[in-house]
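Taking it in order: structure first as structure tokens, then the write-up.
In what follows, every heavy atom counts, from backbone to side chain, and hydrogens, waters and symmetry copies are set aside. Chain identifiers are assigned alphabetically (A, B, ...) following the order of the sequence lines, protein sequences preceding nucleic acid strands; residue numbering begins at 1 within each chain.
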Amino acid sequence: MLKFILKRLGYMLITIFCIATVTFFLMRSIPGDPLASIAQTLPEQTRANYYAKYGLDQPLFVQYLSYMKNLVRLDFGDSIVHPGRSVSAVIAETSPVSGIVGLPALFIGLVLGVIFGIIAALFKNKWPDYVVMVIAILGITIPVFVLAALLQYFFAVKLHWLPTSGWGEVRHMIIPIIVLSFGTIATYARYIKSSMLDTLGQDYILTARVKGLSETAIIRRHVLRNSILPAVTLLSARIVGIFTGSFVIERMFAIPGIGFYYIDSINNYDYSMTMGLTIFYGALFVISQIVVDIVYVLIDPRIRLGGGSR
Amino acid sequence: MDKLLQVKDLRVSFNTYAGEVKAVRGVNFELDRGETLAFVGESGCGKTVTAKAILRLHQPPFAIIKEGTEIIFDGQDVMKMDKKELQHFRGNECSMIFQDPMTSLNPTMTCGKQIMEGLILHRNMSKQEARKEAIEMLRLVKIPDPEKRVDEYPHQMSGGMRQRVMIAIALACQPQLLIADEPTTALDVTIQAQIMELLREMKEKLHVAIILVTHDLGVVANFADRVQIMYAGQVVERGTASEIFYNSQHPYTWALLSSAPRLATETKQELYALGGTPPDLLLPLECCPFAARCEYCMQICREQMPEETVLSDTHKISCWLQHPEAPKVKSFYERQAKSNG
Ligand SMILES: Nc1ncnc2c1ncn2[C@@H]1O[C@H](COP(=O)(O)OP(=O)(O)OP(=O)(O)O)[C@@H](O)[C@H]1O
Ligand code: SF4
Ligand SMILES: [Mg+2]
């Protein structure tokens, strides 16, 4: 187990290194730079000083090396566009805000998704199944921003139940959380339904029936665990879904989370900010994947003991 | 009341997109207490469907046991049982094991717990009592180190071991009938013999009646008291083991006998491969189902279904060759004697 975790951590470092490198060069390949708009109006000397201050006058590869050197010390540098604000401070300030929206959305998505999936499987080809599947298909096909706009229109503009955007109170969070959880609900409902139907057709369900167990006992004791277990592997993809969803959502609802700053930093060529946030997202994703893997190993007896005799 | 099981006119159909597949078409049989009956026939002839019907494992509306079918177990009408009675019947009075022990056990539940389930349900045992009993069952089916094995998951055991666990699950509540559906087909040859030996031992120790489903006559030879040969959802010949092995009269039984590898090597016969395929079960059958493949086929065979002819109390056969006006044909045994001599 320890070996497994160490190996995964090793992969994680390599992944983060790759993300940092690719992002670094990709960003520099976009035409324009952070100082372009201010620098035009400045006299020659001041402009050069500015560029020198952020090391932008150095050859690209030298800049890369010095960035990586700082990164190893976990130093993300300061924002170029907002002088005096360190990237780490921005992350520390904004990530809790994103978490307050993202985590409940993930949790609600999981719980409702699993419940809906179970209902759809148990009532296969009856109306509850159809209702769930319609929700699932909408959840997968409708883009987050369309859904967000629809909900804003109905609950805020038409019904005046909730504010359209803003931050600071629980009522500001309701629509964003609903929107963000939708994708997870949809993915899980579909997955759990098909996984339950699959489990119900397994031979060991017949064995359980032959024992004389009631259908409810069969579902409870033999079907649920075996259908929900493999769904754990979907979790890391859903975590990404929540992240990417939050870029759009935080913009639309003016939520001061990381996603908000992320988009902002790209628009402003805030190199250090974009780099820092990308690496942060990347690390978060890789870590969540490791956690998901570890959880899966812990709960599935077939992998727990190193493969067994098959 | 003396019979353990009586099945009359069993008909099972599957409602598929292509139409109604009549998989079992009027099967009758009886079973005494402690007796062993084998269902033998090619793949797809309805052995499993017949066996599952006894426990009413077919799930309507897709799979239906037809109106008019009678299944009497120990004086109770299985067809009339409600949910509760059926649950009591299953596992408690009649049990079943399946072909593939790799998939028949729940992969995420320990073997011990899977044995305990039935005991807790039917015997009202506490968890501790059931666990003790589960260990005893594992010992009974000869799993070494049962105190340790009881907490193991199926994937930690070999195929043979898993089938032993299946047998332990099935016999835990001491049912009167065990249905074994090709219990050794998925196992290695050496393991097959061990499992058959275990079943034989269980039969003697627990006096449990057994229905053995197989397509291998070789397995049946020294295991079953009686044999029924099935073809296209019907029984074409039935008799005691010796009647089937030494005096069978049905051309299909002959074909099976001469294509059974182990029997063929004993009689130094060349292995025989039966040509053709069984009839389409979607279509109605108004003639002898074997007619298209039978080397003795006569005009009448293609026009009318043969009735069951009684050769002895136990030996019955559905074939026009038994008709008094039918020509005498050289049977399998006569031909065999000739080719050997
Ligand atoms: N789920 C099903 N759907 C449709 N038809 C089925 C189904 N199960 C069985 N049948 C039909 O019933 C017939 C008998 O099947 P059955 O499983 O009883 O065969 P078997 O004698 O047990 O063969 P095998 O040796 O392959 O196990 C098959 O030929 C098939 O046409
Ligand atoms: S009835 Fe005719 S076709 Fe059928 S098995 Fe007998 S001889 Fe062959
Ligand atoms: Mg079968």
[atom1] of [X]: more than 12 outside heavy atoms within 6.0 angstrom?
| X | atom1 | result |
| --- | --- | --- |
| B:Lys132 | NZ | no |
| A:Arg190 | CZ | no |
| A:Phe4 | CZ | yes |

With chain A as the partner, which of [options] has the greatest number of non-hydrogen pairs under 4.5 Å?
| options | answer |
| --- | --- |
| B:Lys84, B:Gln99, B:Met96, B:Glu117 | B:Glu117 |
| B:Cys94, B:Ser104, B:Gly159 | B:Ser104 |
| B:Met166, B:His122, B:Arg90 | B:Arg90 |
| B:Ala172, B:Ala170, B:Pro175, B:Pro107 | B:Pro107 |

Measuring heavy-atom distances to chain A, does [X] have an atom under 4.5 Å in its side chain, in its backbone, in both, or in neither?
| X | answer |
| --- | --- |
| B:Glu85 | neither |
| B:Lys52 | side chain |
| B:Met109 | side chain |
| B:Leu121 | side chain |
| B:Ile169 | side chain |
| B:His88 | neither |

Does any backbone or side-chain atom of A:Leu213 lie under 4.5 Å from a heavy atom of chain B? Answer side chain, backbone, both or neither. both
Looking at CD1 of A:Ile228 and OG1 of B:Thr108, how far apart are the two atoms once the value is rounded to the nearest 0.5 Å? 11.0 Å
side-chain contact (heavy atoms from CB on, under 4.5 Å) with B:Asn106: which of A:Asp203, A:Asn226, A:Thr199? A:Asn226
Check for a donor-acceptor pair, side chain of A:Lys211 on one end and backbone N or O of B:Gln114 on the other, with a separation under 3.5 Å. yes
